[in-house]
Amino acid sequence: MARKQRAADCGLGTALTVIGGKWKPTIVWALHLGPTRFGALKRQVLGISEKVLFEQLRELEADGVVARVVFDSVPPKVEYSLTQAGVALNDAVHALAEWGRGHAAVEMAGTR
């Protein structure tokens, strides 16, 4: 008899915990082009408040997905970028987005 596997055991639960929420996939996608300053990132992620962007970046940093580099300059300069884990996560998010586009096209055509 095959053992039932929980979502957490297969890694899906962990992945969804890291990327879960309204903004994190968009932030990861926005950072895939390279290091980005906070203001530029806020302009790319339309509709997000500064407070929420800051919180989401801190959570992604704590999860090892985003790196934060502070440059010793006046005014202070901070750049955010994806870590190796973040690049891998972006690849997974991209695959999920492709699935979503295909699924939406089927839904729009009414041929479920």
Side-chain angles (χ1 to χ4, degrees):
M1 178 178 219
R3 181 178 152 249
K4 290 186 179 182
Q5 190 173 29
R6 299 178 308 168
D9 293 339
C10 72
L12 183 59
T14 302
L16 291 176
T17 297
V18 171
I19 200 69
K22 179 177 180 179
W23 300 109
K24 287 181 181 178
T26 305
I27 293 167
V28 169
W29 180 85
L31 289 172
H32 89 279
L33 295 174
T36 307
R37 293 182 69 177
F38 185 88
L41 193 55
K42 184 169 182 328
R43 288 188 295 276
Q44 289 178 308
V45 183
L46 299 177
I48 194 169
S49 70
E50 285 188 17
K51 177 183 183 273
V52 171
L53 178 57
F54 181 77
E55 290 170 352
Q56 298 292 279
L57 285 167
R58 288 293 187 191
E59 289 176 17
L60 288 166
E61 186 181 4
D63 288 328
V65 173
V66 168
R68 179 177 182 264
V69 177
V70 179
F71 295 90
D72 188 24
S73 63
V74 176
K77 178 181 172 184
V78 178
E79 284 186 344
Y80 296 91
S81 61
L82 294 179
T83 62
Q84 286 183 338
V87 170
L89 181 59
N90 184 62
D91 292 343
V93 169
H94 179 75
L96 191 57
E98 289 295 318
W99 179 88
R101 279 193 283 276
H103 187 68
V106 169
E107 290 288 315
M108 294 283 292
T111 57
R112 221 173 187 190

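Basis for what follows: all heavy atoms, side chains included, without hydrogens, waters or symmetry-related copies. This is a predicted model, so every value here is computed, not measured.
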Distance-minimising heavy-atom pair for Gly86 and Leu82: O-CD1, 3.8 Å
Distance from Phe54 atom CZ to Glu59 atom CD, nearest 0.5 Å? 11.0 Å
Quick check for you: to the nearest 0.5 Å, what is the distance between Leu12 atom CG and Thr17 atom OG1? 9.0 Å
Tightest non-hydrogen contact, residues Ile27 and Leu41, listed as CG2-CD2, 4.4 Å
Once you measure the plane-to-plane angle for His32 and Trp29, does it fall in the parallel (<30°), tilted (30-60°) or perpendicular (>60°) bin? tilted
Glu55/Arg58 salt bridge by N-O under 4.0 Å criterion: no
Rounded distance [0.5 Å steps], CD in Gln44 versus CG in Leu53: 10.5 Å
To the nearest 0.5 Å, what is the distance between CG (Leu57) and CD1 (Ile48)? 7.5 Å
So which atom in Phe38 and which in Glu50 form the shortest heavy-atom distance, rounded to 0.1 Å? CZ-O, 3.6 Å
Please say yes or no: joined through hydrophobic side-chain contacts below 4.5 Å, possibly via intermediate residues, are Val87 and Val66 part of one cluster? yes
Of Leu31, Asn90, Ile19, Leu60, which is the lone residue that meets side-chain contact (heavy atoms from CB on, under 4.5 Å) with Val65? Leu60
Taking a hydrophobic cluster as the set of Ile, Leu, Val, Met, Phe, Trp and Tyr residues connected by side-chain heavy atoms closer than 4.5 Å, whether directly or through intermediates, do Val28 and Leu33 fall within one such cluster? no
In short, Ser81 meets Pro35 closest at the heavy-atom pair CB-CA, 4.0 Å
From CG (Asp63) to NZ (Lys24), nearest 0.5 Å: 6.0 Å
Separation between CD of Gln56 and NZ of Lys51, rounded to the nearest 0.5 Å: 10.0 Å
Surrounding CD of Glu98 (heavy atoms of other residues, nucleotides or ligands, distance under 6.0 Å), is the total greater than 12? yes
State whether the side chain of Thr26 and the backbone N or O of Val45 hold a donor-acceptor pair below 3.5 Å, judged by distance alone. no
